[in-house]
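In what follows, every heavy atom counts, from backbone to side chain, and hydrogens, waters and symmetry copies are set aside. All values derive from a computational prediction rather than experimental measurement.
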Amino acid sequence: MSYIELVLTAFGLSADAFAVSLCQGFEMKKEKQLSSAYIMAFFFGLFQALMPIMGYYAGMSFNRYISEIDHWVVFLILAYIGGKMIYSAFSDYNYRHGNRTADLLILCIATSIDALAVGVSFSFLQNNIYFASAVVGIITFTVCLVGVMTGRCFGSRLGYRAQLMGGIILGLIGLKILLEHLGIF
């Protein structure tokens with residue numbers, strides 16, 4: 001795999017994480033510390049970097065089991081988090097006071113499951129998995145930081161509508177992934 005193909009693969013893998021970062025940024029107040037944006041981007045980058053390594057060593061036998069259910073898992077997770085955001089937009093419940101760390105870890109796993117399968121393919125291509133994973137992680141970190149910052153900027157202007165929009169987007173991403181894997185879309 002060439003460097004250009006690797007970079008394009010990394011951008012492709014980071015697309016879901018970018019969308020989720022954007023939605024999470026919608027909920028941040030503009031004056032909130034920048035450290036939250038960096039932490040979120042770091043965790044998305046870390047998970048996107050670790051999953052290909054896990055897939056690389058797990059091989060095809062593990063991928064066969066994951067690929068049968070990964071789309072359902074991702075759909076349910078994104079629908080759940082999106083539903084919480086939508087509920088929060090229309091009620092006194094404040095999503096920001098929920099367990100943000102647990103939600104972040106769940107979102108990191110959900111958006112990096114496809115990187116696990118890519119790691120399996122890397123093993124067949126005889127790629128240097130550590131270099132490839134580092135590229136994926138760095139690009140994902142950068143893309144997600146841009147997503148959080150962009151969402152943070154617009155979220156403070158849009159108020160509750162940003163939270164509603166973020167929840168709907170997460171649900172639609174989950175539905176898109178489900179429909180693609182079921183061969184409907």
Pairwise distance [atom1]([X]) to [atom2]([Y]) - rounded to 0.5 angstrom:
X	Y	atom1	atom2	answer
Leu175	Ile184	CG	CD1	9.0 Å
Gln24	Ser36	CD	OG	11.0 Å
Met40	Met149	CE	CE	11.5 Å
Asn128	Leu6	CG	CG	10.0 Å

List in chain and number order the residues that pass ring-ring contact (aromatic ring centres under 6.0 Å, His included) with Tyr38, two or more places apart in sequence or in another chain; answer none if no residue qualifies.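 Testing Tyr38 for ring-ring contact (aromatic ring centres under 6.0 Å, His included), a comparison that skips the adjacent residues, returns none.
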Evaluate the side-chain proximity of [Y] to [X]: yes if any heavy-atom separation is below 4.5 Å, no if none is.
X	Y	answer
Phe47	Thr140	no
Ile129	Pro52	yes
Gln48	Ile139	no
Phe44	Ile39	no

With a 3.5 Å distance limit and no angle check, can you tell me whether Ser112 reaches the backbone of Ile109 through a side-chain donor-acceptor pair?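 Side chain of Ser112 to backbone of Ile109: a pair is present.
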Would you mind writing out the side-chain donor-acceptor pairs for residues 141-148 within the sub-3.5 Å range, not counting sequence neighbours?
| unit_1 | atom_1 | unit_2 | atom_2 | d |
| --- | --- | --- | --- | --- |
| Thr142 | OG1 | Ile138 | O | 2.9 |

Taking the inter-plane angle between the rings of Tyr3 and Phe131 on a 0 to 90° scale, is it parallel (under 30°), tilted (30 to 60°) or perpendicular (over 60°)?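 Rings of Tyr3 and Phe131: perpendicular, over 60°.
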If you look only at distance, which donor and acceptor atoms sit under 3.5 Å apart when one is on a side chain in residues 14-23 and the other is two or more places apart or in another chain?
| unit_1 | atom_1 | unit_2 | atom_2 | d |
| --- | --- | --- | --- | --- |
| Ser14 | OG | Ala10 | O | 3.3 |
| Ser14 | OG | Phe11 | O | 2.9 |
| Ser21 | OG | Ala17 | O | 2.8 |

Common cluster, Tyr57/Leu13, ILVMFWY with side-chain heavy-atom separation under 4.5 Å: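 Linked within one cluster.
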